[in-house]
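These values consider heavy atoms only, across backbone and side chains, with no hydrogens, waters or symmetry-generated copies.
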Amino acid sequence: MKEFDTIAAIATALGEGSISVIRVSGSDAVRVVDKIYQGKKPLAAVDSHTMNYGYIVDPQTDERVDEVFCAVFHAPRTYTGEQVVEIQGHGGIVAVQRVMRLVLNHGARLAEPGEFTKRAFLNGRIDLSQAEAVIDVIRSKTDAAMKVAFRQVEGGLSKKIRELRQKMVEMLAHIEVTIDYPEHDVEDVTIQHVISEGDRIVDEIDRLLGGATTGKILREGLKTVIIGKPNVGKSSLLNALSRTNRAIVTDIEGTTRDILEEHINLRGIPLNIIDTAGIRETEDIVEKLGVERSREALEAADLVLFMIDASRPLHEIDRELAEAVKIRPTIVILNKTDLPRRADLDELRALAGDFKIVETSVATGEGMEQLERAVEDLFLSGGIEGQESTYLSNARHVALLEKAKREMGEALESARVGLTLDLVAVDVRNCWMSLGEVVGEAVADDLLDQIFSQFCLGK
């Protein structure tokens, strides 16, 4: 375990609540807290992993500042791998800040964002991919995203990376033996071993990369844009999906003049859903600005919900929008099916092409379940419930795995065209090192600082 100074931070959100927690970690954590703790026994005399009742007392005035429980954890079986004390006091702002000041005044330093998790990594308790997954757990917007992140915290990705790296170590060992003992004349056997194992490694990397899109969706959410002519039901759809009255709904065309954004959880998929101003030609300056923003939102969309009014004949604007959305994943929504139908279904099917058409009446709720299922099927092929797949949700991991795949591909190409084994070994070693960076082998300090700076204080 590495030696660090003792750090402290408030680990719970500031505000009114039942309890607040201050986390203290470092070789002097118990000694620091003992200076301000008054209980049946000093914390230095209690067993590890015990909860101890007492008071936090200002040594200068003997004033009892708060009634607390102090949890004591001895290294190495702690979150950071160091000695840890967690002070659990009353919630609120004033009480916890008074206790925090005493902790800092008696030997601890205020922790930097993510420093507790950084120490867990530096002390070897978790690897870098597990550490990065901690922030994904904190930021999870849905149960599905939480499950994926937690599997990574538990080491799901780490295990697969280590298995791949072990295969490469064995591959390099074969190569080194062949180079060191050429008299045994097994070069052809070694090359065949490299090619067969290398192909398997590339397949495994491909499988991991195959979950990158799903992982990104679960981590960041889908930027989803509702688009269509004025008064086709876009704002009503936003309200229905978010189960709120977020958008104003009237029979007057052009009610929505700016984009509205709402974050929702749809069958485990986080959607950043945007209700846009109805697209049409207008002389109204404000509405014209809204229409322009709608077009900009469409350009940046991951998913388009293209709404058409079933109670009206298809309009030229519907045809223009159908062309505009062709390059985006799109679901066509034929709304207002509770009214007499005037839209030409054959023409609509021709406009929609391969896009799925869902018939709905947002006003009555008819078709909403089919719409939700269509979104789920489009991006998750039926969802991830019950699956144990490892989804890549981190852009750094994706980039490193793509790099590793290229390097193994170069090693295979070198082996197949008959280049010497020492040149093949260079590419295999590069691949091994790239995968090592995923779990934190040989990572630059500035990258570590950048990763852990994204964490909140106290984590």
Side-chain angles (χ1 to χ4, degrees), residues 121-122 124-133 148 151-215 387-445 447-448 451:
F121 163 68
L122 293 174
R125 203 189 72 76
I126 57 175
D127 64 37
L128 189 56
S129 69
Q130 290 173 288
E132 289 172 291
V148 169
R151 279 203 290 270
Q152 193 161 316
V153 169
E154 291 183 308
L157 175 62
S158 306
K159 181 182 177 184
K160 292 179 183 296
I161 294 297
R162 289 197 168 88
E163 288 172 352
L164 289 174
R165 296 188 85 218
Q166 181 58 37
K167 289 178 182 177
M168 290 178 213
V169 168
E170 294 168 3
M171 190 185 300
L172 288 168
H174 275 278
I175 292 173
E176 292 297 331
V177 168
T178 303
I179 293 173
D180 291 344
Y181 300 97
E183 65 272 14
H184 291 294
D185 195 24
V186 292
E187 184 170 343
D188 287 345
V189 175
T190 299
I191 287 173
Q192 288 306 313
H193 174 77
V194 168
I195 291 173
S196 62
E197 282 299 304
D199 282 336
R200 290 192 189 97
I201 289 169
V202 169
D203 288 343
E204 286 293 326
I205 294 174
D206 269 336
R207 270 192 281 274
L208 288 172
L209 288 170
T213 299
T214 299
Q387 294 185 19
E388 295 300 324
S389 302
T390 299
Y391 293 103
L392 295 179
S393 59
N394 186 299
R396 189 182 74 87
H397 299 168
V398 173
L400 285 169
L401 281 163
E402 288 175 341
K403 182 170 178 279
K405 179 184 173 182
R406 288 194 301 271
E407 289 160 345
M408 184 54 70
E410 289 165 4
L412 290 170
E413 181 64 22
S414 298
R416 287 187 170 108
V417 299
L419 295 184
T420 59
L421 282 172
D422 55 339
L423 293 176
V424 174
V426 170
D427 290 324
V428 174
R429 194 170 288 108
N430 287 340
C431 180
W432 179 82
M433 291 176 67
S434 294
L435 290 180
E437 288 185 53
V438 174
V439 292
E441 301 286 343
V443 179
D445 288 343
L447 176 59
L448 289 179
I451 289 170

#### Entry: For the student: nearest non-hydrogen atoms of Asp427 and Ser414, plus distance
OD2-OG, 3.7 Å
### Query
Given Arg200 and Glu163, is the salt bridge (Lys or Arg N to Asp or Glu O under 4.0 Å) satisfied, shown in steps?
CA-CA 12 Å; Arg200 290 192 189 97; Glu163 288 172 352; over 6 Å; no
### Query
Should Leu435 and Met168 count as side-chain neighbours, where that means a heavy-atom distance under 4.5 Å?
yes
### Query
Yes or no on side chain to side chain contact (heavy atoms under 4.5 Å, CB included) for Val194 and His174, after CA distance, side-chain angles and deciding distance?
CA-CA 8 Å; Val194 168; His174 275 278; 5.9 Å; no
### Message
For the CG atom of Leu209 and the CD atom of Glu204, what is their distance to the nearest 0.5 Å?
### Response
11.5 Å
#### Entry: Min side-chain heavy-atom separation Ile161-Leu401 under 4.5 Å
yes
## Note on the structure
So NZ of Lys159 and OG of Ser129: to nearest 0.5 Å the spacing works out to 13.5 Å
#### Entry: Nearest heavy-atom neighbours spanning Ile195 and Ala415
CG1-CB, 4.0 Å
### Query
Rounded to the nearest 0.5 Å, what separation is found between the CD1 atom of Ile191 and the CD1 atom of Ile175?
9.0 Å
### Query
Do His397 and Glu132 come within less than 4.5 Å of each other through their side chains, counting heavy atoms only?
yes
### Query
Below 4.5 Å, heavy atoms only, C-beta onward: do Glu410 and Asn430 meet side chain to side chain?
no
### Message
Looking at every heavy atom in both Phe121 and Val439, which two are closest together, and how far apart are they?
### Response
CE1-O, 4.1 Å
### Task
Kindly determine whether Met171 and Ile201 satisfy side chain to side chain contact (heavy atoms under 4.5 Å, CB included), including the steps that lead there.
CA-CA 11 Å; Met171 190 185 300; Ile201 289 169; 3.7 Å; yes
### Test item: Glu170 and Gln166 side chains (from C-beta on) under 4.5 Å apart, heavy atoms
yes
#### Entry: Name of the residue among Lys405, Arg406, Lys403, Glu402 meeting side-chain hydrogen bond (donor to acceptor under 3.5 Å, both in side chains) with Ser434
Lys403
### Message
Show, in sequence, the C-alpha distance, side-chain angles and deciding distance for Glu197 and Val428, and conclude whether the side chain to side chain contact (heavy atoms under 4.5 Å, CB included) test is met.
### Response
CA-CA 11 Å; Glu197 282 299 304; Val428 174; over 6 Å; no
### Query
Side-chain contact, heavy-atom cut-off 4.5 Å: Leu157 with Leu208?
yes
### Query
Ser158 versus Asp127: any side-chain heavy-atom pair under 4.5 Å?
yes
### Message
When you compare the side chain of Gln130 with that of Arg125, does any pair of heavy atoms fall below 4.5 Å?
### Response
no
